[in-house]
Amino acid sequence: MNQPVSIAVVGSGYVGLVAAACFAEMGHSVICVDNDEAKVKLLRGGGVPIHEDYLPELLNRKRANKVEFTTDLRVATQRSQVIFIAVGTPQSKTGSADLSYVDAVASEIARSIDDYKVIVEKSTVPVYTNEWIRRVVERNGVPKDLFDVASNPEFLREGTAVVDFLHPDRIVIGAESERAGNLLKSIYEPLTSGDYYGLPQSVPGACGEKNPPPILLTSTKAAELIKHASNAFLAMKISFINVVANVCEAVGADVEEVSRGMGLDSRIGPRFLRAGIGYGGSCFPKDVAAFRHVAEQLNIDFNLLREVESINEEQKHRFFQKVRSALWTFRGKRVGVLGLSFKGGTDDIRESPALDIVEQLLKEGCIVSAFDPAAMERAKEVIPSSPNMRYASDPYAAAEEADALLILSDWQEFAELDLDRLHYTLRYPIVIDGRNLYDQGVMLERGFTYLSVGRPVSHQTRDAVMHRLP
Ligand code: UGA
């Protein structure tokens with residue numbers, strides 16, 4: 001393996017914590033910094049604040065000698081050659097990214113620099129942030145030759161974050177100086193050389209000794225843009241297929257067939273063409289808005305992104321209308337809900353379309369019984385338990401005596417339900433699937449009234465719901 005690098009990662013959210021664990025897994029020594037004392041205490045004690053495959057084992061394996069946790073940014077900076085900034089960049093009222101955390105961290109790092117450091121943006125930030133960090137550090141009196149600022153955007157997805165990090169489609173490094181570029185390249189050497197994949201304990205995934213991930217060296221501005229443009233493009237792909245799904249519904253075609261047919265074109269590709277209730281999470285909504293805002297600031301017309309956002313919003317309303325078409329009235333109806341997270345495989349509920357739909361159901365007077373394998377604790381903080389909002393112990397308990405069951409997150413276990421048991425448990429065998437987890441034919445055969453997204457409605461279902469009627 002390559003020479004280990006001493007690394008500080010500032011921020012222990014999804015990106016920071018996963019990056020810290022994975023850098024340690026790659027052989028580097030890592031100090032993870034967070035100003036949340038309770039979180040640092042939890043991490044030091046062996047706890048893991050987020051639900052992410054492989055993360056607990058990686059942290060356990062490395063906690064003893066490769067990853068430390070601290071609230072002291074000054075000490076972490078002084079002990080590290082490279083400092084990754086992975087703090088939050090929340091959405092401000094105008095849609096732009098709020099960079100105040102990045103600014104504060106950059107100033108504090110600057111005040112602690114006593115020898116050459118590379119400061120790296122890992123958070124998703126708008127173009128020119130690199131430039132701003134450089135200015136902030138200089139304003140704090142650090143000479144130009146004592147630091148570089150680089151950009152190394154992260155493309156991991158929640159739920160598969162560790163595998164995405166260690167088996168990336170590409171590694172992007174934006175650096176203006178050769179010294180910074182080379183140091184960053186050396187951090188990723190265990191992956192780009194393929195050596196990591198030959199280790200007996202390596203996390204399995206798509207890359208291997210013979211097919212290591214490609215590394216792309218760019219300017220810092222290009223690296224910043226690659227991240228924003230990639231997320232905006234993926235969100236656009238989802239909104240595109242969602243509108244195609246709506247056209248499919250209108251003409252009686254199946255969007256699953258259409259997306260398969262489109263995805264086989266290698267220029268389009270099959271991924272991120274799943275129709276549903278719209279995208280959510282802490283990234284796409286925020287990043288589409290921030291990228292649109294960047295374009296506006298530059299007087300560039302990027303109204304396409306506005307459309308992407310409004311289609312995404314509309315998709316939730318359309319789904320809600322579908323629920324209405326099956327239930328007719330809402331007041332006092334019992335609705336089972338499967339899934340509260342913004343997608344399957346994560347406990348994250350930020351910008352979750354599922355939560356918006358549950359809130360709407362409650363507003364209309366429904367009694368909701370919801371189940372999610374990981375997100376219920378977090379959901380309770382936003383929608384507390386009440387006589388109208390119950391949290392169930394499993395999918396069948398959520399379905400018990402319900403007038404209809406809604407599937408709102410694509411957890412694998414929701415695609416593998418015992419359909420006979422479900423039929424028996426529901427008051428009326430109505431399933432409204434916002435994630436197209438089931439085959440329509442199978443659901444009809446098993447006696448369900450089944451509504452999904454972008455698929456033709458069978459005669460039986462049409463008779464059972466007020467489809468298309470206002
Ligand atoms: C997204 C990107 O996929 C990552 O590459 C990026 O690093 C990350 O944002 C980030 O910027 O940090 P993530 O938000 O974890 O990752 O989740 P995705 O798997 O991309 O899903 C986002 C949303 O789109 C979810 O609500 C999901 O259900 C929805 N989606 C996804 C669809 O509706 N259809 C699809 O075909 C794919």
Side-chain angles (χ1 to χ4, degrees), residues 11 13-19 50-53 86-91 97 121-126 152-165 167-172 224 226-245 255-256 258-260 262-263 268-291 308-309 311-313 315-316 319 339-357 375 407-412 414 433-437 452-454:
Y14 278 92
V15 171
L17 192 55
V18 171
I50 52 174
H51 175 93
E52 206 56 66
D53 283 352
V87 295
T89 52
Q91 189 173 334
E121 306 163 337
K122 196 69 166 153
S123 313
T124 303
V125 288
N152 170 220
E154 186 45 57
F155 303 99
L156 60 81
R157 289 160 301 164
E158 288 180 21
T160 51
V162 169
V163 175
D164 287 349
F165 193 100
H167 295 266
D169 286 348
R170 78 295 207 191
I171 295 160
V172 175
E224 290 166 330
I226 286 169
K227 172 68 194 199
H228 256 168
S230 299
N231 270 6
F233 190 86
L234 290 170
M236 179 184 74
K237 229 178 151 182
I238 297 169
S239 280
F240 189 92
I241 201 65
N242 279 334
V243 179
V244 172
V255 72
E256 299 296 324
V258 176
S259 67
R260 208 169 308 132
M262 288 171 66
I268 298 173
R271 297 169 77 190
F272 282 71
L273 277 184
R274 271 180 294 113
I277 52 176
Y279 60 78
S282 65
C283 303
F284 284 176
K286 167 175 78 81
D287 292 348
V288 172
F291 199 32
V308 168
E309 290 173 313
I311 291 165
N312 197 52
E313 218 28 54
Q315 202 62 10
K316 282 181 281 196
F319 184 78
L340 297 165
S341 54
F342 78 97
K343 63 172 186 177
T346 176
D347 59 350
D348 198 339
I349 54 163
R350 286 175 287 175
E351 302 290 324
S352 169
L355 278 201
D356 287 346
I357 290 166
I407 302 178
L408 302 183
S409 311
D410 51 351
W411 283 91
Q412 187 53 31
F414 298 159
D433 182 357
R435 300 292 189 158
N436 289 0
L437 296 188
S452 51
V453 180

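Atoms within each ligand, like the ligands themselves, are counted from 1 in listed order. Remember, it's a predicted structure, so these values are computed and weren't measured experimentally.
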Listed once per pair and sorted, the salt bridge (Lys or Arg N to Asp or Glu O under 4.0 Å) pairs that draw on residues 269-288, sequence neighbours left out: Arg274-Asp410
field: Short side-chain to backbone donor-acceptor contact, Lys122 and Asn152, under 3.5 Å
entry: yes
- prompt: Side chains of Arg350 and Phe342: does their closest heavy-atom pair fall under 4.5 Å?
  reply: no
- prompt: Can you check whether Leu408 reaches Ile277 side chain to side chain, under 4.5 Å on heavy atoms?
  reply: yes
Quick one: ligand 1 N/O to protein N/O pairs below 3.5 Å?
| from | atom 1 | to | atom 2 | distance (Å) |
| --- | --- | --- | --- | --- |
| ligand 1 | 5 (O) | Phe155 | O | 2.8 |
| ligand 1 | 7 (O) | Glu154 | O | 3.3 |
| ligand 1 | 7 (O) | Phe155 | O | 3.3 |
| ligand 1 | 7 (O) | Leu156 | N | 3.2 |
| ligand 1 | 7 (O) | Leu156 | O | 2.6 |
| ligand 1 | 7 (O) | Lys227 | NZ | 3.1 |
| ligand 1 | 11 (O) | Lys227 | NZ | 2.7 |
| ligand 1 | 11 (O) | Asn231 | ND2 | 2.7 |
| ligand 1 | 15 (O) | Glu158 | N | 2.7 |
| ligand 1 | 15 (O) | Lys343 | NZ | 3.4 |
| ligand 1 | 17 (O) | Lys343 | NZ | 3.1 |
| ligand 1 | 19 (O) | Lys343 | NZ | 2.8 |
| ligand 1 | 26 (O) | Gly280 | N | 2.9 |
| ligand 1 | 26 (O) | Phe342 | O | 2.9 |
| ligand 1 | 28 (O) | Arg435 | NH1 | 2.7 |
| ligand 1 | 34 (N) | Arg274 | O | 2.9 |
| ligand 1 | 36 (O) | Leu273 | N | 3.4 |
| ligand 1 | 36 (O) | Arg274 | N | 2.9 |

message: Going by the rule ring-ring contact (aromatic ring centres under 6.0 Å, His included), which residues pair with Phe284 if we only count those two or more places apart in sequence or in a different chain?
response: Tyr279
- prompt: What pairs with Ser352 under side-chain hydrogen bond (donor to acceptor under 3.5 Å, both in side chains), at least two apart in sequence or on another chain?
  reply: none
